[in-house]
Amino acid sequence: MKSIDLFNPSIGDYVLKRYSRDVALIQIAMLCLRTTMSLYTLMSLKREEHISLNQTKQICCALLKNACVCDFEGFYDSYISYMIRTYIDLFGDDAREEPRILIALQRLIKAEDGVSEDLYVVIKWAVEVGLVTSESAAFFVKKHYESASDDDEIRSIFELLGQVAEESDEYLSVADEVKTYVIGLVSENFSEYIETSDAFCKVQYDDHHQATIEIEYLIEKKLNDLGIAYEQSDISEIIGNYDIAYELEMYFINSHDEDIDRVHSPRDFDVDEIDDLFEKG
């Protein structure tokens, strides 16, 4: 497949001004592209008022109809997920009345891969409006939660679980599994989830106790942001695999080295143009 990179903004502006009023052409382009990026572009065109809300709705309806007519053959689940999310954003409560949405949901709930934040958000909405059962949603999470690592994905999983009744067997069977997985994930990939420099910059060298307090605060903040109901034992498990004494020492050593580099780095001196002229003369 050939593509053109509009690296020059002025070219992009020209193309938009030239073709943005040709809604039929935009629709044909969107039908051919079938990428999440094309959907981002569609919403960008609406946001920048190159096309109207009604025109955007018309194009989105055409995309959904085309996907269903093709029985989703050749469509990535990530694309279908974002297309449905876009449709929901455009149509609001009326989206639940569209039969093709249910057809797409039946396809997505059986997804084997390509699970993204968008898909979790769509299924959460489907549970809220009664198009997907809590049991199906819990089964979906149980099947896919171990592929989640991004903050937005993890957050969306817990928001989806929030739609499953906490006293139900479906919730109890998967909620603890997901929590255990995420606690382990943060523990094993500590530096990817916790910005330790935000803690170490607030303490004195060799003050391990205060460093631990600051690190624990950041962990609590992260778990709250992810929507996880945690206990002190979870904090202890995460921090247990992190050598605070060593990492604090390395933080100050690296900070000291950076200070030395700044002191000894070459300085840019201002040039007096008059003196420079005489020197050249």
Side-chain angles (χ1 to χ4, degrees), residues 34-40 42-43 57 60-61 63-68 70-183 185 223-229:
R34 299 184 182 183
T35 63
T36 52
M37 186 57 66
S38 68
L39 294 173
Y40 296 148
L42 176 64
M43 296 306 287
K57 286 182 174 181
C60 194
C61 285
L63 296 177
L64 178 59
K65 179 180 179 181
N66 181 60
C68 289
C70 296
D71 197 25
F72 304 102
E73 186 69 30
F75 291 81
Y76 289 110
D77 288 333
S78 57
Y79 171 79
I80 301 170
S81 302
Y82 190 65
M83 177 174 60
I84 300 305
R85 187 174 183 178
T86 301
Y87 193 100
I88 294 167
D89 289 341
L90 291 172
F91 288 87
D93 293 339
D94 291 339
R96 65 178 297 181
E97 306 300 331
E98 170 55 63
R100 296 188 182 96
I101 292 289
L102 182 57
I103 296 172
L105 286 170
Q106 290 170 343
R107 152 73 182 250
L108 292 174
I109 204 72
K110 299 175 183 177
E112 293 296 332
D113 51 26
V115 176
S116 63
E117 176 209 357
D118 295 319
L119 184 44
Y120 288 116
V121 170
V122 166
I123 293 182
K124 172 179 175 287
W125 169 84
V127 174
E128 289 175 346
V129 301
L131 294 179
V132 169
T133 65
S134 293
E135 181 180 5
S136 295
F139 178 77
F140 177 83
V141 171
K142 187 178 182 70
K143 183 179 178 182
H144 294 292
Y145 73 83
E146 290 184 321
S147 66
S149 59
D150 178 80
D151 279 14
D152 290 334
E153 290 177 353
I154 294 171
R155 193 180 301 112
S156 296
I157 288 174
F158 281 100
E159 289 176 356
L160 172 54
L161 286 175
Q163 295 301 314
V164 181
E166 293 190 9
E167 69 277 6
S168 67
D169 293 337
E170 295 86 3
Y171 177 87
L172 296 174
S173 67
V174 69
D176 285 343
E177 288 186 35
V178 178
K179 176 183 171 182
T180 299
Y181 165 75
V182 174
I183 295 297
L185 186 69
L223 296 182
N224 282 326
D225 179 60
L226 295 176
I228 301 175

Practice item. Please round to the nearest 0.5 Å and tell me the distance separating atom CD1 of I101 and atom SG of C68. Key: 8.0 Å

Revision key, fill the gap. For A111 and K143, the nearest pair of non-hydrogen atoms, with its separation, is O-NZ, 3.5 Å

Point to revise | Stepwise side chain to side chain contact (heavy atoms under 4.5 Å, CB included) test for T35 and Y40 | key: CA-CA 9 Å; T35 63; Y40 296 148; over 6 Å; no

Practice item. Grab the two heavy atoms, one from A148 and one from Y181, that are nearest each other, plus how far apart they are. Key: O-OH, 2.6 Å

Point to revise | Salt-bridge present (R96, E128; N to O < 4.0 Å) | key: no

Review point. Looking at side-chain heavy atoms only, is the closest gap between E159 and Y120 below 4.5 Å?
Key: no

Practice item. Starting at CD of Q163, measure out to OG of S134 and round the result to the nearest 0.5 Å. Key: 8.0 Å

Check your understanding: Quick check: are there more than 12 heavy atoms from other residues, nucleotides or ligands sitting under 6.0 Å from CZ of F91?
Key -> yes

Review point. Can you tell me how far CD1 of I228 sits from CZ of R155, rounded to the nearest 0.5 angstrom?
Key: 10.0 Å

Exercise for review: Considering only NZ, NE, NH1 and NH2 on the basic side and carboxylate oxygens on the acidic side, decide whether D176 and K179 come within less than 4.0 Å.
Suggested key: no

Check your understanding: Any side-chain heavy atom of I109 sitting closer than 4.5 Å to one from I123?
Key -> yes

Study note, to complete from the structure: On a heavy-atom basis, the closest approach of E153 and S149 is OE1-N, 3.4 Å

Practice item. State, with a plain yes or no, whether a side-chain heavy atom of R85 is found less than 4.5 Å away from one of D89. Key: yes

Practice item. Could you tell me whether D71 and R107 make a salt bridge, using a distance below 4.0 angstrom between a side-chain N and a carboxylate O? Key: no

**Study point:** Nearest-0.5 Å distance that lies between atom CG in L223 and atom CZ in F158
**Key:** 9.0 Å

Check your understanding: Are any non-hydrogen side-chain atoms of V164 and V127 less than 4.5 angstrom apart?
Key -> no

**Study point:** Heavy-atom pair with the smallest gap, counting every atom of A175 and L161
**Key:** CA-CD1, 4.3 Å

Check your understanding: How about F72 and I103: do any of their side-chain heavy atoms sit closer than 4.5 Å?
Key -> yes

Review point. With sequence neighbours left out, what residues match S147 under side chain to side chain contact (heavy atoms under 4.5 Å, CB included)?
Key: H144

Exercise for review: Taking the side chain as every heavy atom from C-beta outward, state whether Y76 and S81 have any pair of such atoms under 4.5 Å apart.
Suggested key: no

Check your understanding: Taking everything shown except F139 itself, do over 12 heavy atoms lie less than 6.0 Å from its CZ?
Key -> no

Exercise for review: Would you give the length of the straight line joining atom NZ of K124 to atom CZ of F140, rounded to the nearest 0.5 angstrom?
Suggested key: 14.5 Å

Check your understanding: Can you check whether I154 reaches L185 side chain to side chain, under 4.5 Å on heavy atoms?
Key -> yes

Revision key, fill the gap. Smallest heavy-atom separation, F75 atom then A67 atom, equals CZ-CA, 3.7 Å

Exercise for review: For C60 and L90, work out which heavy atoms get closest and say how close.
Suggested key: CB-CD1, 3.8 Å

Review point. Does L64 reach the side chain of I84, with side-chain heavy atoms less than 4.5 Å apart?
Key: yes

**Study point:** Heavy-atom neighbours of E177 CD exceed 12 at 6.0 Å
**Key:** yes

Check your understanding: If you round to the nearest 0.5 Å, how far is OH of Y79 from CG of L63?
Key -> 4.5 Å

